[in-house]
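Report on the following structure.
Chain letters run A, B, ... following the sequence lines, proteins first, then strands; residues in each count from 1.
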There are 2 protein chains.
Amino acid sequence: MNRKDFLKTTSASAAGLAFPLKSFHVPTKKDDRLVKVGFIGTGSRGTGHLRGILNRNDIEVPAICDLDSENAARAKQMVLDAGRGNPELYTDGPDAYKKLVERDDLDAVFISTPWEYHVEQSVAAMRAGKYVALEIPAAISIEGCWDLVNTCEETGVPLMPLKNTCYQRDVMAVLNMVREGLFGELVHAQCGYQHNLYGVLFRDDAQFGPHEGRARASNWRTIHNLKRNALLYPDHGTGAVGHWLDIHRGNQYLTLSAAASKAKGLSNYVKKHGGENHPYRDADFKKGDIVTATLTTANGETVIIIHDTTLPRADNNKAFRVQGTNGLWQLEADRIYIEGRSRDHRWDEFQPYQDEFDSSVWKKHEEDARGAGHGGKDFFIRNAFIESVKQKTTPPIDVYDAASSAAIVALSEQSIANGGSAVSFPDFTRGKWVTNKPIFLPEELGY
Amino acid sequence: MNRKDFLKTTSASAAGLAFPLKSFHVPTKKDDRLVKVGFIGTGSRGTGHLRGILNRNDIEVPAICDLDSENAARAKQMVLDAGRGNPELYTDGPDAYKKLVERDDLDAVFISTPWEYHVEQSVAAMRAGKYVALEIPAAISIEGCWDLVNTCEETGVPLMPLKNTCYQRDVMAVLNMVREGLFGELVHAQCGYQHNLYGVLFRDDAQFGPHEGRARASNWRTIHNLKRNALLYPDHGTGAVGHWLDIHRGNQYLTLSAAASKAKGLSNYVKKHGGENHPYRDADFKKGDIVTATLTTANGETVIIIHDTTLPRADNNKAFRVQGTNGLWQLEADRIYIEGRSRDHRWDEFQPYQDEFDSSVWKKHEEDARGAGHGGKDFFIRNAFIESVKQKTTPPIDVYDAASSAAIVALSEQSIANGGSAVSFPDFTRGKWVTNKPIFLPEELGY
């Protein structure tokens, strides 16, 4: 039995299962076996993942792919310095990744490439039997979402979207509170990506400008802002919300309606800071500065998502709110109200609740998470992936989670283009959401 | 020239004018003349207004109408005690108000009745030449909104919706900041009514239950929650937002899309606290607990409104946010960011801005506002109305403001019923919004 068939056997149909598939061969000691990980994309984000992975003693990195040979060489040196392998490099054009995924010594790949490459690279990796850790959004078209789902179901090879916010410490404590019923029956949630991206969108090689062709590190993201009026980055919030609301696992998004404000922020920035010859000087950015989407669910909740990345602002990715028949948490104001616990209809501070409902996984790995990126979240998301590979089980965040968040990009674009009309949400589970049980179970799984 | 014709002459077409119409007869001293005010509705809210009015030395109350003779008698005694007249009472059935408005000794009426009576009573009052101070929402159907606008335009008699939040101290400071350009070009706003209403919806005579017929003080509002899945109370936020965005005065709402969560809060409350025989024990409340609406404007802003009154919560009517190309204010977190003032892309506390941009009107009347209701706001809204009557000018909040907020009730209901589809916003100005200039000018008017 080769690796591909082995994975197929152990993970087949895992996607539709109620609980994570337990493998035939859980290693008796975790370090019995090294997980061999290939990297596709070693720009800013991929390098961050590589750095985190190299801190582990249970991995090896035999292969790295990047169109930019400088990126690839730097990544290779990092692996050598860490003593985690002598990776072969794949830098020869846009198809180089295909050779990497076909290697028979890889268990898994991390894909941290421009969004538009996510689907083809993930599909190829799954077809080659490699577990996929995929940056977000997983896809930027509805067809792309379906390609991921269909391939995962056909091959039985898992894909895990790297929604690190699912492992944010307060978000996990709130998940415990949701599951213990503190909020009662859930009714409403809010989330957002509220974070100025000028530094990302106009750094270094944004000077390449809005031409077609090779999209370099920062420039590809700028081009998305140029061309698409859509909620471009939904996962930051929807990962957590999806777990609170059991999306795909007893619940489902039904409709989405979106609106976009005027687009002023990026062109103002270029005019103010770009100088006379900035390549985006005359660009007509399509993406509205504030894009909002309202979703309805089968269980009757509403969800509001805000995308706010192109106006001058102090950072605030704390747009989370979850509200039920017994109270609400509102991260923006750092407060909570729980009927029966909060006194005299007054807000409580959140910290005592954080302490009481803190995730056991966070407590266990607090030291490991220090400095791991994005406030520690990155350690947990990578750890969950590697543990799933080692245990040959379905990761706790799966291809349906990947697709349902990613679909918001294209659905919001459709709704905005149609003047805010509500669009139906595809059911990527093909009806299985009715009986599927939650698989994001950090307290039980230990990761 | 009788009073009706006089008003018609001085206020004719005021509705469409760029600036408040100055009357022919501005009194040389304010107290030269008493404003004679009738009250229609002296329940909870009407009594609050009466109490505030009776604190003034420039008014007299010659007439009071209430279907509940106890309410009317109590109100009369208040007037007698204050030495502000010996009001005649109108308590004889639903048409009693008609006799009140026809009196020829009244300058103005305050209408604080159940929502469904607002339009017919206001129309009658305007036709009888009486300035109208109307509680909110001014109407609960699109036809009702048009009736108010048409009658106001036909008669030339002004109507002022009592949107007291327009006079909230921080909201007024932010209006000054908006007008001084601190936020740059506006892009987005948020507001909400987030306030548990169990005490209002189930007090006293909610025991009458959901039958048809005479709707008593608290019960009529409960019935709206029973029958309509809509954003029932938009004005709390939209008054302020309308001024920030110059709605009807250089800008206009274009579309509205709404969504409603499941409705659990009220029935849960009745089950938990109502006992076996509560009249709403088996009621099927239509209004979703969280109703949200997203609006787009002619100038390209987006606006989100949240209605959240039927779940257990600590109060929080601080959902305001205004955001532009140069920064944002976020009341929920009590912070502000202004490019060029805020350091290192960090949030500032709001208080120094409040101090710097505080409204001169608030400073002038700080003492008068103490204890006036709703944190002092109620003094200012009543004062603006009475000053407008005395000066025979258009009030600074007008019938178009009344209609545009009130329309959100019916438009949200339509959108929700149609699965969140966007509905077009009526243009109550019939195109005049393009050239109309702002009339809410407290710093210039002094009220």
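Here B:Arg321 contributes atom CZ and B:Leu331 contributes atom CG; the two are 12.5 Å apart, rounded to the nearest 0.5 Å. Atom CG of A:Asn225 and atom CG of A:Leu201 lie 5.0 Å apart (nearest 0.5 Å).
There is no side-chain donor-acceptor pair under 3.5 Å between A:Asp289 and A:Ser261. Side-chain polar atoms of A:Ser257 and B:Ser257 form a donor-acceptor pair below 3.5 angstrom.
There is no contact between A:Ala258 and chain B, counting heavy-atom distances below 4.5 Å. With a 4.5 angstrom heavy-atom cutoff, A:Ile306 touches chain B only via side-chain atoms. Only the backbone of A:Arg346 comes within contact range of chain B, with heavy atoms under 4.5 Å apart. Contact of A:Leu311 with chain B is made through the side chain alone, with heavy-atom distances under 4.5 Å. Interface remark: A:Glu301 contributes backbone and side-chain atoms alike to the contact with chain B (heavy atom separation under 4.5 Å). Contact annotation for A:Ile416: neither backbone nor side-chain heavy atoms come within less than 4.5 Å of a heavy atom of chain B. Using a 4.5 Å cut-off between heavy atoms, A:Asp315 touches chain B through its backbone atoms (N, CA, C, O) alone. Heavy-atom distances place no part of A:Leu254 under 4.5 Å from chain B, backbone and side chain included.
Side chain of A:His188 to backbone of A:Thr302: a donor-acceptor contact under 3.5 angstrom is found. Checking side-chain atoms of A:Arg228 against main-chain N and O of A:Lys287 turns up no donor-acceptor pair under 3.5 Å. Looking at A:Arg335, its side chain never comes within 3.5 Å of a backbone N or O of A:Gln330 through a donor-acceptor pair. Side-chain atoms of A:Thr296 come within 3.5 Å of backbone atoms of A:Thr255 as a donor-acceptor pair (strictly under, hydrogens ignored).
Between chain B and the options A:Asn196, A:Thr310, A:Asp308, A:Thr292, heavy-atom pairs under 4.5 Å are most frequent for A:Asp308. The greatest number of non-hydrogen atom pairs below 4.5 Å with chain A, out of B:Ala422, B:Ser342, B:Ala314, is found for B:Ala314. Heavy-atom pairs under 4.5 Å with chain A peak, among B:Leu295, B:Ile304, B:Val303, at B:Ile304. Each of A:Asn326, A:Asp344, A:Asn299 has some count of heavy-atom pairs under 4.5 Å with chain B, and the biggest count is that of A:Asn299. Contact count versus chain B (heavy atoms, under 4.5 Å) is highest, among A:Glu339, A:His345, A:Arg313, for A:Arg313.
Cation-pi check for A:Arg179 over A:Phe357 is not met; the charged atom does not lie both under 6.0 angstrom from the ring centroid and within 45 degrees of its normal.
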